[in-house]
There are 2 protein chains.
Amino acid sequence: MSDTNGKELLAGHLTSFMTFRLARAHNKLNAQISHYLRIYSDIGLVDWRVLRLLEAMGDTTMSQLSRLLQMDKGQLSRKIRGLVERKLVTSRVDQVDSRQQILRIDEAGRQLVRDILPKVQERQRLLVEGISQADLEVFLEVLAKIDAASETRDPL
Amino acid sequence: MSDTNGKELLAGHLTSFMTFRLARAHNKLNAQISHYLRIYSDIGLVDWRVLRLLEAMGDTTMSQLSRLLQMDKGQLSRKIRGLVERKLVTSRVDQVDSRQQILRIDEAGRQLVRDILPKVQERQRLLVEGISQADLEVFLEVLAKIDAASETRDPL
DNA sequence: AGAATTTGGTTGACATATCAACTAAATACT
DNA sequence: AGTATTTAGTTGATATGTCAACCAAATTCT
């Protein structure tokens, strides 16, 4: 099966279609991981990311997650409600600031992460195999810069 | 305003959270460009991408666009119907293969692209300013590799 | 040629994402 | 203290995205 994706058509100025390429890669990655999650679990992509983060960084709040994932707080609110209902996460009102609630991953959630993580990491490994360490570092650096630069919402 | 996004929490193994970071950057970029599109036009992000591609690569078909954008053909079908209804794109059945239809950007669509493109390019320029040419090249190369590697949907 | 498979596109049902309005608590301002 | 502003989170309305079923035309296989 030859790759007739027409990528060659998008040459030209270096940054032309850069965000487009990013979006495209993102779409493919998302489709792939969603696919795996469906096979290996019954949680969705956002659920996975939330659990993964809660497991990795410990207790936190919705608004932190929202900032971190750069994701709508409304959506997050609903997703987290689902996770709490499924007993994967617990939520308690913060004693210091009663507007916010502290989210903590539950043992069941932790177990889920333990089950899925190896497969996700293996996939991650496959994604970057053949790419040199140095190139990967540059990649992540540039990605971080672009991330930082896409902060402003002011009109040009 | 200090950046309390907690990015520092995500250090560790180089590729840990790589797709997560990609998703995050993607979300921010999308939010940003959608915002601009809302200010400067009344078309959505997908409409923009389709018009931009049709303008840049000439006539094509839905399935090509679907492959290129790595986007659901169903959604694309509806979006393109909208573009045709708004007379930004014309569609005619291919004489050779009557399953498919050739999509062509209309003059109105072309004009729209001419109006918006400079602002998009200026934004693009701001995104990458301060990043060296060499680093950008590596970035795009790695991105392409990851894109290619995220092809398989087979279980691990 | 005829059957089986693939491909291009449309549609419906459903899940997810986005935006805006809103409540309540915390902070800042005077 | 008292008002104004900001922040955390929820909710509803609406737009977008995803998946699967489906039709019709093209292609492959025999």
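Chain A is the first sequence line, chain B the second, and so forth, proteins listed ahead of strands; every chain is numbered from 1.
Considering only side-chain N and O atoms, A:Ser98 lies nowhere under 4.0 angstrom from the phosphate OP1 or OP2 of C:dA24. Here A:Lys79 reaches the OP1 or OP2 of C:dT16: one of its side-chain N or O atoms lies under 4.0 Å away. When the side-chain nitrogen and oxygen atoms of A:Gln101 are compared with OP1 and OP2 of D:dT10, one or more of them lie within a distance under 4.0 Å. Phosphate proximity of D:dC19 to A:Arg38: present, with a side-chain N or O under 4.0 Å from OP1 or OP2.
Along DNA chain D, the nucleotide closest to A:Asn27 and the one closest to A:Gly74 are compared, and the more 5′ of them pairs with A:Gly74. Comparing B:Lys73 and B:Gly44 by the nucleotide of DNA chain D that holds the closest heavy atom to each, the one mapping nearer the 5' end is B:Gly44.
Taking every heavy atom of both residues into account, B:Gln124 and A:Phe17 meet most closely at NE2-N, 3.9 Å.
Nearest nucleotide to the A:Met62 side chain, out of D:dG9, C:dT10, D:dA8: D:dG9. When each of C:dT10, C:dG9, C:dA21 is scored by its nearest atom to the side-chain atoms of B:Ser77, the top-ranked nucleotide is C:dT10. Listed nucleotides C:dC19, D:dG9, C:dG9 differ in distance to B:Ser63; the shortest reach to its side chain belongs to C:dG9. In the set D:dT11, D:dG9, C:dA26, the nucleotide with an atom closest to the side chain of A:Asp97 is C:dA26. When each of D:dG9, D:dT6, C:dT7 is scored by its nearest atom to the side-chain atoms of A:Arg99, the top-ranked nucleotide is D:dT6.
As rounded to whole Å, 14 Å separates atom P of C:dA15 from atom CG of A:Asp42. The CG-P distance, from A:Asp72 to D:dA13, rounds to 16 Å in whole Å. Rounded to an integer number of Å, the gap from CG of A:Leu83 to P of D:dG9 is 15 Å. Atoms CZ (A:Arg67) and P (D:dG9) sit 9 Å apart, rounded to a whole Å.
A:Arg78 contributes a side-chain N or O that forms a donor-acceptor pair with the base of D:dG12 under 3.5 Å.
Using a 4.0 Å heavy-atom distance criterion, B:Ser66 is classed as making no nucleic acid contact. Residue contacts shown for A:Thr61 are limited to sugar-phosphate atoms, with no base heavy atom under 4.0 Å away. Residue contacts for A:Val93: at a heavy-atom cut-off of 4.0 Å it reaches no nucleic acid atom on any strand shown.
Side-chain atoms of A:Ser150 and B:Gln32 form no donor-acceptor pair, as typed in the model, at a separation below 3.5 Å. Checking B:Gln111 against B:Arg114 by side-chain atom types alone, a donor-acceptor pair falls below 3.5 Å.
Under the 4.0 Å criterion applied to side-chain N and carboxylate O atoms, A:Lys119 and A:Glu122 are not assigned as salt-bridge partners.
For the atom pair A:Asp42 CG and A:Leu37 CG, the distance stands at 10.0 Å (nearest 0.5 Å).
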